[in-house]
Every structure is written in structure tokens, then in C-alpha cells.
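Quick caveat: nothing in here was measured; it's all calculated off a predicted structure. Below, chain A is the first sequence line, B the second, and so on; all start at residue 1.
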Amino acid sequence: MRRVFRGSGVLRASALIAITCTSLASLTSCKRETRRLRESPPSATPGGAVRVSSLQPGVAQDTTHARNLYEGNAYAVSEGQRLFNWYNCSGCHANGGGGMGPPLIDDEWIYGAGPEQIYTTIVQGRPNGMPSFAGKVPAQQVWQLVAYVRSLSGLNPASTRSARTEHMMYYPGSQALPMETSPKQAFRPPASEMP
Amino acid sequence: MLLLQTLRGAPNQSVLESSGPLADRVESLWWFAFATASIVYLATMGGLWWAAARARRRERQGEELPPDGERRMTRGVTIAVSATVVILLVFLITDLTVGRTLDPVPRKHPITVELTGKQWWWDVQYADTSAQGRVQTANEIHIPVGQPVLFLLNASDVIHSMWVPNLAGKKDLIPGYTQSMWFQADTAGDYRAQCAEFCGLQHAKMALHVIAEPQAKYEKWIDEQRKPAHTPTDSVADRGREVFLTGQCAMCHSITGTSAASHNGPDLTHLASRRTIAAGTLPNTRGALAGWIVDPQQVKPGTHMPPNQLAPQDLDALLTYLQSLK
Ligand SMILES: [Cu+2]
């Protein structure tokens, strides 16, 4: 009996590694998979107010709202993708490529790429033609839209990006293998054109 | 008998309660298969019992096995296998024949309904080329008794399947591809249809009511449906209308005659005329409506309608308005 065990030391070790890996993988994938169907909107203070600065007068309050809980969650991102069409964002931004509104798949942001900045853009609108969706879209769905908009330019984890679409993507096939170069490097303009 | 009663299930959603020419044929096929299978089952069980009894008897009397046992066994097995093949062939042929008689759409079909499957409800449109225009509704189809109705089936997200067991067989709704089916109801009734192709979280709560009624009653219904929504006359309902049009609701729902024209969710122009809400999940009562609007995720977790936080008086006004949409 003992000899059998001794003989299969390598086997045992690899089994152990396999078990550890799968359990680790399932642990990390939980957050990616969870479908948060019923919840009070995360990371939003009541009334949808969002802090865009960490500086605060008086006693500092929690600013965790700024970190969009949905970002690491594949379900939320795909919901955001559906809503992007339902609320006709695609009517002005095409499928992220830009139309009468600016493109969202590049890494140029007029009003900032942070989750709370995009949240503010959607809820309050922006002066040159971006409508305000305040009171028209519940905060929870705005956060899903934020997660999706950020996924368009590869700002959230690749594992959560929603299914491949036929439309423009920042880099081809969001479910494709991770690129060797980061999108930022890949699309950096030549030095002469840098500001 | 008890077994049959269980098989039959609910009378308004059962293959064994056929109420139209197509379903009649499906039901006969079902009975034919049931009868054949029962005979085969009884014969097999009888044969088994007989063989066991004979073996026991032989053992008790110390009999030898007959010398040509091997040959006799081969013969028996051959007969049984051939019988099985013949029965299966007969099944195949009757099945194909019934399928063929169901398929062709009758040339005379005065009504065409465009049915679109969505996660997790049914969009219903009566294609009407006359001047009065089309009729759009959801989760409820009215048809006149004794007339064939043509259905054009499509889906907007994933594959669904239309199945009204009392009236017809199943047909899939496939995104981007229009299929057709038809059926006819011979007796008036409220027949329940169910999505028969797994389509996600709320597949089980995706029902459709097919209401067959006499011609005159049907015409009255369709005339009502053609009209734009009722405009409220009292102040509470009027406030409800305002809540609807200025809030989240109008981002997803349409009410003809108002500025709400989004088709992400069911059309609500004549909501109050429907028997159920949320694809047959709840009765269309004031309480159920309130529960649904405030927290749809409680009723159908995962459904594409978000919770709505409304001030109590706004909710009350909204309900009054929705209930006035006869
Ligand atoms: Cu289904």
C-alpha cells in the first residue's frame, strides 16, 4: 500500500495542485458570476449623488461608492450592454464608435474615465448634446451602463467583458485571448503628436 | 384511471383536451402511441411472468431443458426484434403523416398575428393592412372560434417556443428568422400557452393566454384595442399619467395616444383589459399591479423591468391611471 503511494508522489502532488487551482478558480469566479438581481443600488448615495473628489470638508466620509461594484461582474456588464441599446445610447454613440456623440471605445475622455465621472455624465448630462437621464434610469442600471461603457475601452477586467458583438471593439473580440500589449500602449499616438 | 387523470393535467393546458382540428390529430396520435405502448408493455410483462413460471415448474419437476432450446430461443428473439422494428416503423410513419397534415397553412386565414418572443414575455401584433392600422398588445391573444389564424413567429433575443397544447403542436421562435404556424379553435375558452424552449431565468413564468371567443365578441375586442388609450378625466388618474410619462416607465413602455413610445417592454395601451400581468404570472388586480411595479424582481427575479421607487401618492395615482386603460 505504502509503496503505491510513494510511487505516485508526482501524481499526488499534481492532484493536489489541480484541486487547489479549481477551488481557487471557483472562488474568484464567484464575484464574476454573481447575478445581483435585487439590491439597493450599490455605490450610490441616496438620490444618486456621487462624489467626484476625495477631498471633503469636515470629517471624511466613506468614498467607496466611487468604486463601481459591478465592474468585476460579467452579468452587470452584459446588462449594461443591453441597456446601452434599450436607452438608445447607441443612437448617438453608435456602438461605441461615435456618431453625433463622441466615441467611447478610445482612451480619450472629455469628462473623465472614472466610474463616478461617467456616472455623472449619464445622470446629469453634458452641455454639448449629452442628455441627462436623471429620473429616467434607476441608479442601479446607471452603474451597469458605467461598467459597460468602461468595458468598451478595456478599462475593466477582461474576464467580465460581455459577449463578442459584431460591432466595433477597442480591440477585436472582447472574449479573445488577452493581448500581449496593453491597449494603451498599442494605441499610443506617435511622440510628435503627443501634447 | 387515476393515472390518466394525472396525465390530463389542467384542462386549459393539456394535449388530452384538444379543442381544434390540429390538436385533435395530435391527440389521436398520442392515444395511438399510448395504446400501442400499453399493449407492448402488457405483452412483455406477461411473457416474462410466463417464462419465470415455466422455469420454476421445470425445476420443481426435475425436468431437463429441451434439446432444441438454443434454436427456439433464437427464433423467439428474432420474432421479438422484428415486431419491435415493425412497431417503430409504424410509429415513424404515423408521426410523419400527422406532421405533414399539420403543416400546410390554409389559404383562407382572415387573421394574421405576429408573435415575438422576448425574455420573458410575448409581444403580440395583429397585422392589419386596413386603414385602422395595427393592434399591439402583450401576453394575450384573442381569436374568433372556428376560424384559422396564421401566426408569424419571431424572437428578439434567444430561441423561445410557442405551445398551446389544446390547440396545436409546438413551434420554435427563432431570432432573425420568421416561422409560421396556424391553428383554429373549435370551442370557446381561455387556453394557456407556455414557452416550451428553455430561454433563461424566468422561462417558467412565460405564459401566454389564447382566448377563443365568438366572432361578435372578438370583433368588439379588436375594435376596442384599435382605439388609442383612454385619456383620464379625473385629477388622480391625470397625475398618474404624468408620473408615467415623466418617470422611468416611458423609457420602456408604450401607450398609444401619449408620448410613451418605447418598445423595450410590453405595450400598455389597454393594460386594464388583460386578465393577467407579467406573462401570466399574476392576476391583473390593483394589489398585484402595485407589487409588480414596486419590486418586479421579487415576482420574477432577473426580469428586465427594474424596481421603481415611487412616493406613495404617486404610486396610488399611477395605479388609478393604469387601471383606467381599459
Ligand atoms: Cu422559454
**Student:** Return yes if some donor-acceptor pair links the side-chain N/O of Lys136(A) with the main-chain N/O of Thr246(B) below 3.5 Å, else return no.
**Tutor:** yes
**Student:** Between Gln248(B) and Pro138(A), is any pair of side-chain heavy atoms under 4.5 Å apart?
**Tutor:** yes
**Student:** Take a 6.0 Å sphere around OH of Tyr177(B) and say whether it holds more than 12 heavy atoms from other residues, nucleotides or ligands.
**Tutor:** no
**Student:** Measure the CD-CD distance between Gln140(A) and Gln297(B) for me, rounded to the nearest 0.5 Å.
**Tutor:** 7.5 Å
**Student:** Taking the side chain as every heavy atom from C-beta outward, state whether Met251(B) and Trp86(A) have any pair of such atoms under 4.5 Å apart.
**Tutor:** no
**Student:** Considering only heavy atoms, which portion of Asp157(B) lies under 4.5 Å from any heavy atom of chain A: side chain, backbone, both, or neither?
**Tutor:** neither
**Student:** Please tell me if the side chains of Tyr87(A) and Cys252(B) come closer than 4.5 Å, counting only heavy atoms from C-beta onward.
**Tutor:** yes
**Student:** As an exercise, state the distance from CD of Glu79(A) to NE2 of His304(B), rounded to the nearest 0.5 Å.
**Tutor:** 5.5 Å
